[in-house]
Amino acid sequence: MKILGINYLSESSISYMDDGILKFSISEERINRIKNWYGNPLKSISILLDKYKINLEDIDFIATHGIVVDKKKKVDFSQYKKKIKLIKSSYLSPTKKNYLIKQLNFRKKKEIYAINRAHKLINELKKKYKKKIYIYDHHECHAATAAFFSGWNDTYVLTADGWGDGYSSKLFKFNNNKFYLKRSSSILDSLGYFYGSITKLLGFKPHRHEGKVLGLAAYGNPNKAYDDISKMISFDIKKKNFLSHPENGLYLPLFHNHNLKDLLKRYSKEDIASATQKRLEDVVLDYINSINSKSINISLAGGVFSNVKLNQKIRELKKVKDIFIFPNMGDGGLSVGACCLCQNQFKKLKSRKLNNYYLGFAYSDNEIIQEIKNFNLSYKKSGNLISSVAKELNKGKIVAVFQGKSEFGPRSLGNRSILVSAINSKINISLNKKLGRTEFMPFAPITLDKEAKNMYLNYNKGKYSSRFMTATYNCTKKMKKLSPAAVHVDDTARPQIISKQQNLVIYKILENYFKISKIPNLINTSFNMHEEPIVNSPKDAIKSFLRSRIDYLFIEGFLIKR
Ligand SMILES: [Fe+2]
């Protein structure tokens with residue numbers, strides 16, 4: 001059974017599943033080179049069919065998300081009525097009430113616009129590929145990515161994002177390939193909109209720079225602005241759900257929230273970020289603690305769980321036995337989720353661990369050589385180049401690595417990565433400069449699996465997830481001493497723990513580096529220039545290498561020196 005999964009929302013993507021095995025996934029932005037591009041990923045589809053010699057007729061199903069377009073399943077707008085009732089019964093002045101109700105009606109209009117747009121895009125797919133499109137619920141697609149790759153037959157699955165298909169969060173019990181819906185939160189009680197509104201308030205791009213708020217949070221005092229930030233969203237103990245407050249929690253389209261402006265006059269950006277992060281953690285931890293079960297495995301997906309610090313806090317909860325976060329937790333992952341649900345609808349799909357997360361395109365040696373020639377560059381191919389790379393890293397040189405299939409999602413896990421020593425904290429400033437980036441968080445480390453327990457506290461919990469850089473860990477004294485450049489001011493790091501099986505080339509580079517330096521960590525950051533998508537093809541890689549001030553490009557075993 002061959003399934004093509006499609007996501008047409010932000011970070012639009014495709015996935016290809018053959019008899020329950022995920023064979024291929026890529027985001028359209030990697031191909032068209034426009035960050036966070038959305039729409040139907042037609043270029044990726046045509047390259048997939050061409051490169052893998054798949055006939056469209058051989059694809060049994062096309063699957064996507066967006067059940068709100070189904071006229072039989074009417075969109076539930078009752079949440080707007082409920083919020084208006086809440087505003088009317090509040091202590092607010094009549095002028096303020098009218099203003100807020102106007103905002104809400106505007107938000108509703110925007111939601112209707114988004115539903116019509118989804119309708120249009122799905123119809124476009126139907127017409128172009130002349131096939132029936134199987135449409136699934138947005139949050140169930142997120143949940144499917146987390147559950148079917150957790151390796152557990154029995155797990156709670158929590159999804160949380162801005163909004164999708166009329167909701168901003170859902171909690172499921174997943175048992176023997178069935179999902180049982182336990183709770184859901186309306187789009188007006190959205191954690192994603194809560195965090196996004198603050199991202200916008202602090203002058204960053206919402207739905208894109210939430211990581212900067214998280215980085216900034218470590219520099220602030222979480223308590224100073226906490227009371228004010230808490231007026232935006234809380235955990236409703238009675239309904240066991242997220243609840244935005246009438247006055248400050250009405251999240252307008254595009255993350256505008258005029259009610260927040262005053263905060264900037266009273267608090268520093270760092271303190272606002274810090275209180276926001278704390279509020280997010282408190283609300284989500286209360287939610288999870290209210291699950292009526294003593295000890296649980298929890299699987300997470302949805303954009304909110306790109307927050308690596310939140311994921312750490314969840315992992316550390318007493319009642320959480322183990323945790324799994326799908327590596328492409330945002331809407332990019334929906335194409336995978338749609339494939340899983342479609343497969344599971346027709347033939348039972350087993351939950352299994354993701355052993356291979358390199359799901360994009362690979363390129364042959366001939367294609368690489370041709371591209372090197374096109375740019376008139378010279379290269380080394382013979383000798384022990386892995387050992388040479390390790391020696392250069394030990395000298396403080398920066399090496400970009402390009403090999404095999406690309407990773408799917410926001411993190412580079414060694415196939416489209418930039419490596420550099422983490423000995424000197426100043427590298428964060430100089431590397432950011434060389435790549436044209438601004439970040440408040442240090443670069444993330446890559447660590448040899450056999451040394452992980454000496455670098456991170458309580459490393460054994462959440463071990464499987466640590467392969468994908470989806471959560472932070474508290475660092476040991478040794479880690480802070482050996483690799484300070486990869487440790488944040490709050491003593492945490494967001495590592496990728498690497499094994500031989502996961503990525504042999506990177507493992508060998510790191511092992512060689514360890515032998516010379518006695519340090520089992522290197523910085524691993526994504527191979528891209530500022531605000532550009534991660535490189536996809538050899539051409540993208542060479543272009544970025546030449547534009548940046550990286551010292552070496554190690555591309556499929558060919559070593560190019562600047
Ligand atoms: Fe989503």
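Every number for a ligand or one of its atoms is a count from 1 in the order of the listing.
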Exercise for the section: Could you tally the protein N/O/S atoms lying less than 2.8 Å away from the Fe ion (ligand 1)? Expected result: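 There are 4 of them.
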
Handout entry: Main-chain N/O of M232 paired with S244 side-chain donor or acceptor, under 3.5 Å
Key =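 The answer is no, because no donor-acceptor pair under 3.5 Å joins these two groups.
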
Problem - Residue list, ring pair (Phe, Tyr, Trp, His ring centres under 6.0 Å) with Y167, at least two apart or on another chain - result: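 Listed in chain order: nothing, the list is empty.
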
Problem - Pairs meeting criterion ring pair (Phe, Tyr, Trp, His ring centres under 6.0 Å) with involvement of residues 18-39, two or more places apart - result: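 Output for this query lists F24-Y52, F24-F361.
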
Donor-acceptor pairs are to be reported for all side-chain atoms of residues 195-205 against protein atoms at under 3.5 Å, with residues two or more places apart or in another chain.
unit_1, atom_1, unit_2, atom_2, d
Y195, OH, Q277, OE1, 2.6
S197, OG, Y193, O, 2.5
T199, OG1, Y195, O, 2.8

Handout entry: Side-chain donor-acceptor pair present, E111, Y80, cut-off under 3.5 Å
Key = yes

Practice task
May I ask you to decide if the ring planes of F148 and F174 are parallel, tilted or perpendicular, using 30° and 60° as cut-offs?
Solution key: perpendicular

